[in-house]
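For reference, the structure is listed below as structure tokens.
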2 protein chains.
Amino acid sequence: MANIRDIAKEAGVGIATVSRYLNDTGYVSDEVKVKIQKVIEELNYKPNALARAIFTKNSKTIGLMVPNISNPFFNQMASVIEEYANEMGYNIFLCNTDDNPEKESKYLDVLQSHRVAGIIVARSKCKEAYSNIDIPVISFESHISDKIITVSSDNYNGGKIAFDHLYQCGCRKMIHIKGPTCFEATEDRSRGFLDAAKDKNLKIDLIEFETDFQVKMLEENIESLNKIGECDGIFVFNDIAAATVIKFLRKKGVRIPEEVQIMGFDNSFICELLHPSLTTINQPIQALGKYTIELLIKLINDEDIEIEDYLMETKLIKRETTLS
Amino acid sequence: MANIRDIAKEAGVGIATVSRYLNDTGYVSDEVKVKIQKVIEELNYKPNALARAIFTKNSKTIGLMVPNISNPFFNQMASVIEEYANEMGYNIFLCNTDDNPEKESKYLDVLQSHRVAGIIVARSKCKEAYSNIDIPVISFESHISDKIITVSSDNYNGGKIAFDHLYQCGCRKMIHIKGPTCFEATEDRSRGFLDAAKDKNLKIDLIEFETDFQVKMLEENIESLNKIGECDGIFVFNDIAAATVIKFLRKKGVRIPEEVQIMGFDNSFICELLHPSLTTINQPIQALGKYTIELLIKLINDEDIEIEDYLMETKLIKRETTLS
DNA sequence: CTTCGTTATGGAGTCGTTTACATATGTTCA
DNA sequence: TGAACATATGTAAACGACTCCATAACGAAG
């Protein structure tokens with residue numbers, strides 16, 4: 001592929017002149033501009049972004065690490081982040097960690113090697129790896145260290161809201177199906193839910209799912225679902241797991257919401273598609289994604305911002321799996 | 001950040017020796033190896049992948065362009081592609097085209113500038129832009145030119161299978177809800193379905209959706225859904241749209257599958273979560289993704305492979321929205 | 001007529017790698 | 001003993017960009 005030297009030669013000008021033309025920095029006569037542009041098109045020249053990044057020390061690239069891009073929550077995040085990054089002239093380097101600390105750590109090296117301008121890591125499982133990183137990092141849904149900003153929804157309060165709603169709907173014998181213990185976000189939801197229950201002196205039965213989002217969720221968790229006993233309300237750690245639970249209960253002939261009321265978490269697109277549609281807690285994904293990338297770009301631009309937790313508001317989305 | 005010169009100096013050796021150590025090419029004494037490794041860790045040195053790529057002319061990076069990463073079908077593809085790319089030592093540069101030709105074209109320039117080793121583009125909307133590209137390209141679900149390999153499911157046959165199944169289940173008055181005309185994949189499904197109907201001398205009513213995957217699908221397409229008249233079977237262009245249709249019909253009190261049988265397309269994870277669970281046509285996403293990336297890497301490695309269409313088999317997944 | 005600012009251009013050094021080549025030592029084998 | 005080879009290392013020239021600096025022409029201002 002042609003390089004800047006080829007263009008300069010073919011256009012009969014110096015390299016510096018071509019560079020000035022490309023970057024619109026410094027003087028280039030109109031006459032020469034036309035000549036250069038013509039050659040660029042003839043040779044289908046695309047300036048080498050790698051060479052440029054080496055020199056300017058600015059790759060205009062952001063590393064995005066998510067557990068898995070097929071997870072509906074994280075790919076919505078990714079979509080929002082891509083949108084804003086693109087607007088700001090940044091590109092996305094995608095990494096799936098698979099919730100695997102080793103893969104995360106390897107990708108972290110890769111991102112450093114590629115000199116990404118900044119990193120967004122969702123649900124990190126490899127916190128020690130970030131101790132000596134000199135690239136701006138924003139952590140999503142996971143506290144890495146007191147040097148790294150964490151952005152997340154207010155999961156704790158979301159859990160509280162979920163309890164209050166079920167309680168208000170008349171539930172007095174509730175079950176909480178919680179996610180794998182290693183996820184901060186779902187732990188916070190649980191804590192919020194249980195704390196609110198304690199306030200009302202209600203005892204909650206706990207069932208633990210061992211998988212997060214999985215296509216085969218139902219079969220894999222059928223064991224734990226069989227433990228569902230007498231209850232009038234269930235709070236499930238996310239919408240997809242809730243859908244799994246609904247499916248399970250319907251197969252057993254349980255009427256929802258008349259006999260058992262159910263709540264999910266996330267306000268994923270499937271809530272509306274389910275029957276009955278799923279009452280849930282909304283995470284403001286749009287705002288979350290936008291805020292995360294904005295913070296990161298501020299860090300990249302060396303603006304000084306408070307290193308602290310940023311919690312985004314969660315709220316109740318009332319649908320048909322709960323009574324009025 | 002430290003560079004190779006710093007390492008060489010600090011370790012008291014030459015640059016070439018450090019490079020040989022890093023790449024395990026040529027001789028380096030064990031004694032020196034230890035010394036270099038120690039310095040590398042002390043200075044937290046990460047070799048600059050950009051500089052390396054400039055010289056070797058191999059960025060070990062693959063550009064992935066999809067309509068949108070939040071689309072469940074394409075993010076599953078992306079997940080599979082990431083997995084295999086990672087295994088082969090490649091990284092993913094993510095681009096959302098939003099089905100927007102201009103955005104796609106701009107990203108195509110960016111990918112060329114970044115000297116990606118290869119490009120996977122899903123559902124391209126900007127075919128002319130690929131005429132003078134000298135980077136290997138695999139096109140997914142879209143025919144760009146006779147120089148570029150296309151990979152897709154056998155959508156046409158999938159449409160036929162769908163018709164045959166509904167017919168076999170007793171449907172004689174069918175509606176087909178088709179996707180936006182500009183998508184080759186859904187057009188092929190329609191053609192297959194309609195051709196099979198013609199074979200049986202059945203006339204099919206057509207309804208067109210104007211949106212592909214959208215969170216607000218139901219509201220946006222309520223207009224066209226109102227056109228659903230008397231029928232005993234509906235073939236919808238994909239699962240999520242089918243879920244929207246089911247939701248709509250249930251609200252109207254239509255019993256599924258007793259009164260109307262429904263089929264989707266994709267075999268997305270939501271099929272199992274719906275009630276009744278959705279009969280659909282499977283697209284072998286795993287195989288599709290794996291095959292796509294394998295072909296691309298073969299192209300990158302200059303293996304000569306047939307430039308032709310690669311069609312992957314689609315098959316019926318029988319669930320509860322159709323009778324026996 | 002000199003000085004100054006604006007316009008316009010190009011050469012050379014730099015960014016951080018890899019590799020071709022030169023060099024040097026030690027071992028083996030005829 | 002000396003040729004051949006394996007081991008070990010360093011220098012310098014690429015790769016493709018950007019930018020500092022030098023150079024030069026030109027008009028305006030003093």
Side-chain angles (χ1 to χ4, degrees), chain A residues 1-37 39-40 43-61 89 109-117 134-135, chain B residues 1-37 39-40 43-61 89 109-117 134-135:
Chain A
M1 191 176 272
N3 61 29
I4 198 171
R5 215 171 311 264
D6 299 331
I7 305 299
K9 203 167 164 190
E10 194 68 23
V13 299
I15 294 176
T17 306
V18 179
S19 178
R20 275 192 298 268
Y21 170 71
L22 288 171
N23 300 290
D24 196 21
T25 146
Y27 298 109
V28 180
S29 68
D30 289 345
E31 184 193 12
V32 168
K33 274 184 186 167
V34 174
K35 211 157 41 170
I36 293 177
Q37 182 56 40
V39 175
I40 285 180
L43 303 188
N44 191 30
Y45 168 68
K46 313 283 172 190
N48 188 319
L50 306 175
R52 190 175 273 175
I54 272 189
F55 189 89
T56 63
K57 296 180 180 306
N58 185 355
S59 66
K60 282 286 186 178
T61 297
D109 281 347
V110 170
L111 292 180
Q112 286 176 274
S113 270
H114 279 265
R115 301 295 191 265
V116 295
D134 46 9
I135 296 175
Chain B
M1 189 175 273
N3 61 31
I4 198 171
R5 216 170 311 264
D6 299 331
I7 305 301
K9 202 167 163 191
E10 195 68 24
V13 298
I15 293 176
T17 305
V18 178
S19 178
R20 275 191 298 267
Y21 169 71
L22 289 171
N23 301 289
D24 196 22
T25 146
Y27 298 107
V28 181
S29 68
D30 288 346
E31 186 193 10
V32 168
K33 275 183 185 167
V34 173
K35 210 156 41 173
I36 294 177
Q37 182 55 40
V39 175
I40 285 179
L43 302 189
N44 191 29
Y45 168 68
K46 312 284 172 188
N48 187 319
L50 306 174
R52 187 176 275 176
I54 272 190
F55 190 91
T56 63
K57 297 181 178 304
N58 186 355
S59 67
K60 282 286 186 177
T61 297
D109 280 348
V110 170
L111 292 180
Q112 286 177 274
S113 270
H114 278 266
R115 301 295 192 265
V116 295
D134 46 7
I135 296 174

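Remember, predicted model here, so these are calculated numbers, not experimental data. Here is the naming used below: chain letters follow the sequence lines, and residue numbers restart at 1 for every chain. Side chains included, hydrogens not; waters and symmetry mates left out as well; all remaining heavy atoms used.
- For the pair A/Asp6 CG and D/dC15 C1', the computed distance is 12 Å after rounding to whole Å.
- Counting heavy atoms from C-beta outward, B/Asn48 and B/Asn3 have side chains that stay 4.5 Å or more apart.
- Residue A/Ser19 has no polar side-chain atom (N or O) positioned under 4.0 Å from OP1 or OP2 of D/dA17.
- Scanning both residues, B/Leu22 and B/Ile40, for their nearest heavy atoms gives CD2-CD1, 3.8 Å.
- Take the nearest nucleotide of DNA chain D for B/Glu31 and for B/Phe55: the residue whose nucleotide is more 5' is B/Glu31.
- The span of DNA chain C lying next to chain A, judged by atoms under 4.0 Å from heavy atoms, is bounded 5' to 3' by C/dT6 to C/dT17.
- Atom NZ in B/Lys9 sits roughly 13 Å away from atom P in D/dT11 (whole-Å rounding).
- Atoms CZ (A/Arg20) and P (D/dA17) sit 16 Å apart, rounded to a whole Å.
- Between the side chain of A/Thr56 and the backbone N or O of A/Arg52 there is at least one donor-acceptor pair closer than 3.5 Å.
- Residue B/Leu50 is out of contact with every strand shown, counting any heavy-atom pair closer than 4.0 Å.
- At whole-Å resolution of the value, CG in A/Asn48 and C1' in D/dG16 are 6 Å apart.
- Over its full length, the helix from C/dC1-D/dG30 to C/dA30-D/dT1 turns its helical axis through 50°, comparing axes from the five pairs at each end and rounding to 10°.
- B/Ile36 places a side-chain heavy atom less than 4.5 Å from the side chain of B/Thr17.
- In this structure, the NE2 atom of B/His114 is 13 Å from the C1' atom of D/dA17, given to the nearest Å.
- From B/Arg115, atom CZ reaches atom CD1 of B/Ile54 across 9.0 Å, with rounding to the nearest 0.5 Å.
- Residue contacts for B/Ser29: at a heavy-atom cut-off of 4.0 Å it reaches the sugar-phosphate backbone alone, with no base atom in range.
- The environment of A/Lys9 atom NZ is sparse: at most 12 non-hydrogen atoms of other residues, nucleotides or ligands sit within 6.0 angstrom.
- Between the C1' atom of D/dA17 and the CD1 atom of A/Ile40 lies a distance of 13 Å, rounded to the nearest Å.
- Atom-to-atom, OH of A/Tyr45 to P of D/dG16 comes out at 10 Å; the value is rounded to the nearest Å.
- Around CG of A/Asp134, the count of heavy atoms belonging to other residues, nucleotides or ligands within 6.0 Å exceeds 12.
- Between the B/Ser113 side chain and the A/Pro47 main chain, a donor and an acceptor come within less than 3.5 Å of each other.
- In this structure, of D/dA6, D/dC15, D/dC18, it is D/dA6 that holds the atom nearest to the side chain of B/Tyr27.
- Atom CZ of B/Arg52 and atom P of D/dC15 are 19 Å apart (whole Å).
- Proximity of a side-chain donor or acceptor of B/Thr25 to a complementary backbone N or O of B/Asn23 within less than 3.5 Å is not detected.
- A distance of 10.5 Å separates NZ of B/Lys60 from NE2 of A/His114, quoted to the nearest 0.5 Å.
- An OP1 or OP2 oxygen of D/dG16 is reached within less than 4.0 angstrom by no side-chain nitrogen or oxygen of A/Arg5.
- Of the two residues contacting DNA chain D, namely B/Val32 and A/Val18, the nearest-nucleotide position lying further toward the 5' end is that of B/Val32.
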